[in-house]
Amino acid sequence: MSKGERTPHSVIAVTKEDGQFKAVEVRRQDGRVEIVWTRSLPAEKQTWAGFAAECGVALNADRHDKTAKRSSPAVVGLDSTGVAFYRVSVPTVDGQETAAIVKMQAESFLPLPPDQIEVAWRTNPSHNGTMDITIAAARKEHIEKFAAGVKDFRPHSILLSCEGTTKAWQNLFGDSEPQALLVNIGAENTQVCLVQNGLVARAGVLDMGMSALAPASGAASNVMDLFSHDLRVLLASFGWEGTGPWPLFVLSDGSEPLGHVVDMLSASGVSAKASVPTLRNLKSPAGFGTKDAYDYRTPLGLALIALDKPSASLNLFDRVLQEQEQQKAATAWRSVVLAAAAAIAMLIVLLATVYLTDLASARRWDAMVKQPDFQASLQQQTLVRTVARHRPDLLDLLTLINAGQNEGIVLDTFHFKKGQPVSVTGQADNTEQMWKFQANLREQKEIKSVDIMNATPDAKTNKTKFTITFPY
């Protein structure tokens with residue numbers, strides 16, 4: 001390397017999607033992106049730790065192993081299908097007031113106690129005294145488990161996969177619009193994003209993917225009609241009216257099956273265009289083609305985000321990663337203190353100080369407890385905790401209902417009241433699909449019995465309408 005040449009900035013990006021672990025190492029030099037290597041493994045019988053070893057990352061993230069070499073930081077993508085997205089418009093206020101509004105909105109959207117929700121948000125430029133806020137929310141338990149699972153990569157950041165896909169489309173595909181709808185079809189589901197100025201503004205998921213839509217799967221026209229209908233409903237929730245300034249792009253590798261989906265959507269009245277990767281701005285290994293760029297679109301986009309070091313990402317993991325670092329620092333500090341003989345004397349002094357401070361604090365606390373305002377506030381907090389504890393966990397119930405492969409099932413109504421059986425009405429293409437849906441519900445350990453109350457053929461639609469009940 002010559003004296004004037006700059007060291008390339010590189011990053012490793014990792015995702016788990018469509019039943020596969022995928023990773024790329026990307027570096028940027030002289031304004032051009034270069035793929036150093038790619039890795040992929042089936043997720044079946046594989047773990048994040050095992051895939052980290054395949055990528056040359058030390059298995060034990062806390063071990064100082066001199067033989068483990070990895071100069072590039074890592075960014076990991078969280079599957080966005082487990083994240084809820086919302087868009088709200090509020091009066092233009094400062095940052096602290098905006099944070100309070102976001103917290104209140106998230107609590108109203110999700111039927112969970114506030115301490116079980118992790119929220120990230122970003123604002124768009126204000127217009128006429130109002131501003132739009134994009135909110136991403138997920139269960140705190142889900143976020144913490146994911147962060148613990150990927151710790152062997154020692155991630156510098158954990159981002160939403162849909163933001164990586166959007167970044168890849170913006171930089172590596174042949175189309176670029178300031179505002180567009182992206183349809184990202186996976187094997188089992190489809191994610192739809194409204195993109196504004198390169199950022200995800202709205203997102204939603206359809207539970208139908210290429211396994212059902214590909215011509216080779218024998219998909220009937222009614223399957224495509226159902227997909228088109230569900231897509232229209234989702235787009236309408238974004239504010240799409242069928243025509244107008246929002247072009248709709250289906251991310252594609254240029255293959256015939258995805259082209260067939262684009263043609264069928266256009267035939268159904270949803271004007272769509274295939275968006276295919278281009279390699280002109282990408283330096284890649286020999287044999288790396290358009291299909292490879294499509295297959296690795298999400299980790300490539302995550303890597304580009306990490307290289308740009310943006311501040312506008314919807315980051316649900318800031319607090320979790322900070323706590324992990326604080327725990328490591330606290331552990332190291334305690335080890336040093338315990339190893340030093342002088343710490344014994346300091347500890348004695350500290351204990352004496354804490355004891356005297358506690359006496360003074362106890363007196364102040366006793367006086368505060370006797371105040372009427374304090375008692376009223378305590379009662380209010382007790383009431384809030386009681387309400388939160390008895391609030392039904394609708395997200396968990398909806399996850400159970402959608403578990404398994406329920407092709408051909410369309411749910412119409414959902415009734416859930418504490419102390420009463422859950423009642424779900426819907427329709428199926430045939431009775432076999434209805435029975436399979438019942439069997440999937442029975443496989444969930446949280447559900448003890450599932451009964452079909454009635455099953456009535458509909459002469460107009462040739463479908464079977466049904467009502468299913470179960471205790472929860």
Side-chain angles (χ1 to χ4, degrees), residues 28 31-33 77 80 83 85-90 92 98 102 120-136 159-185 190-206 231-232 234-254 258 262 265-266 269-282 290 293-294 297-315:
R28 176 175 286 162
R32 193 177 185 189
V33 175
S80 307
V83 179
F85 290 83
Y86 306 98
R87 186 77 175 269
V88 296
S89 295
V90 301
T92 303
T98 302
V102 168
W121 53 276
R122 63 170 166 244
T123 60
N124 292 322
S126 302
H127 295 286
N128 299 323
T130 62
M131 62 182 179
D132 292 332
I133 304 176
T134 298
I135 303 174
L159 304 175
L160 300 181
S161 291
C162 65
E163 297 219 282
T165 305
T166 298
K167 185 70 171 181
W169 172 77
Q170 185 184 24
N171 288 266
L172 305 178
F173 283 63
D175 305 281
S176 181
E177 297 284 345
Q179 183 165 276
L181 292 162
L182 299 188
V183 179
N184 184 30
I185 306 177
T190 298
Q191 183 145 46
V192 184
C193 297
L194 170 61
V195 179
Q196 293 178 333
N197 299 318
L199 298 174
V200 176
R202 296 287 297 271
V205 179
L206 303 177
L231 179 60
R232 285 175 177 272
L234 180 59
L235 295 180
S237 70
F238 292 178
W240 183 74
E241 298 178 354
T243 58
W246 297 359
L248 189 148
F249 296 100
V250 177
L251 302 186
S252 172
D253 58 0
L258 282 166
V262 173
L265 283 176
S266 298
V270 179
S271 180
K273 177 184 177 182
S275 185
V276 182
T278 174
L279 304 180
R280 63 176 179 267
N281 296 324
L282 191 66
T290 298
Y294 173 82
R297 61 194 181 280
T298 300
L300 282 171
L302 292 171
L304 292 175
I305 292 176
L307 290 176
D308 290 340
K309 295 181 179 179
S311 59
S313 296
L314 291 170
N315 195 335

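Computed from heavy atoms alone, side chains included, the values below leave out hydrogens, waters and symmetry copies.
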Indicate yes or no: at least one non-hydrogen side-chain atom of Y294 is less than 4.5 angstrom from one of L251.
-> yes

Residues T190, V205; criterion side chain to side chain contact (heavy atoms under 4.5 Å, CB included); working and verdict = CA-CA 6 Å; T190 298; V205 179; over 6 Å; no

Audit row: L172, L304, side chain to side chain contact (heavy atoms under 4.5 Å, CB included) steps and yes/no = CA-CA 10 Å; L172 305 178; L304 292 175; 4.2 Å; yes

Working to the nearest 0.5 Å, report the span between OG of S161 and CZ of R297.
-> 10.5 Å

Nearest heavy-atom neighbours spanning S252 and G254 = OG-N, 2.9 Å

What distance do W246 atom CH2 and L194 atom CG have between them, rounded to the nearest 0.5 Å?
-> 5.0 Å

Do V192 and F238 come close enough that some side-chain heavy atom pair is under 4.5 Å?
-> yes

Work out which heavy atom in S237 is nearest to a heavy atom in R202; give both atom names and the distance.
-> O-NH2, 3.1 Å

Could you tell me whether the side chain of V250 reaches within less than 4.5 Å of the side chain of I185, counting heavy atoms only?
-> yes

Would you indicate whether the side-chain heavy atoms of T278 and F173 approach each other to under 4.5 Å?
-> no

Considering only heavy atoms from C-beta outward, does the side chain of R232 approach that of V270 to under 4.5 Å?
-> yes

List the atom of A293, the atom of L300, and the distance in Å for their closest heavy-atom pair.
-> O-CD1, 4.0 Å

Validation row: L181, V195 side chains within 4.5 angstrom (heavy atoms) = no

Establish, from distance only, whether the side-chain atoms of W121 and T134 form a donor-acceptor pair under 3.5 Å.
-> no

Taking all non-hydrogen atoms of both residues into account, name the closest pair between L234 and L206 and its distance.
-> CD2-CD2, 4.0 Å

A201 to Q196 - nearest heavy-atom pair and separation = CB-OE1, 3.5 Å

How many angstroms lie between CG in L248 and CG in L235, if you round to the nearest 0.5 Å?
-> 6.0 Å

Side-chain contact test, heavy atoms from C-beta onward, threshold under 4.5 Å: evaluate it for Q191 versus S80 and give yes or no.
-> yes

Are T165 and T298 linked by a side-chain donor-acceptor pair shorter than 3.5 Å?
-> yes

Would you indicate whether the side-chain heavy atoms of T123 and D132 approach each other to under 4.5 Å?
-> no

Kindly give the heavy-atom pair with the smallest separation between D175 and S275, and that separation in Å.
-> OD2-OG, 2.8 Å

One should read off an interatomic distance between L159 CG and K167 NZ, to the nearest 0.5 angstrom, of 11.5 Å

Is any side-chain N of the basic residue among R28 and D308 closer than 4.0 Å to the acidic one's carboxylate O?
-> yes

To the nearest 0.5 Å, atom SG of C162 lies from atom CG of L314 at 7.5 Å

When rounded to the nearest 0.5 Å, the distance separating CG of L199 from OG1 of T166 is 8.5 Å

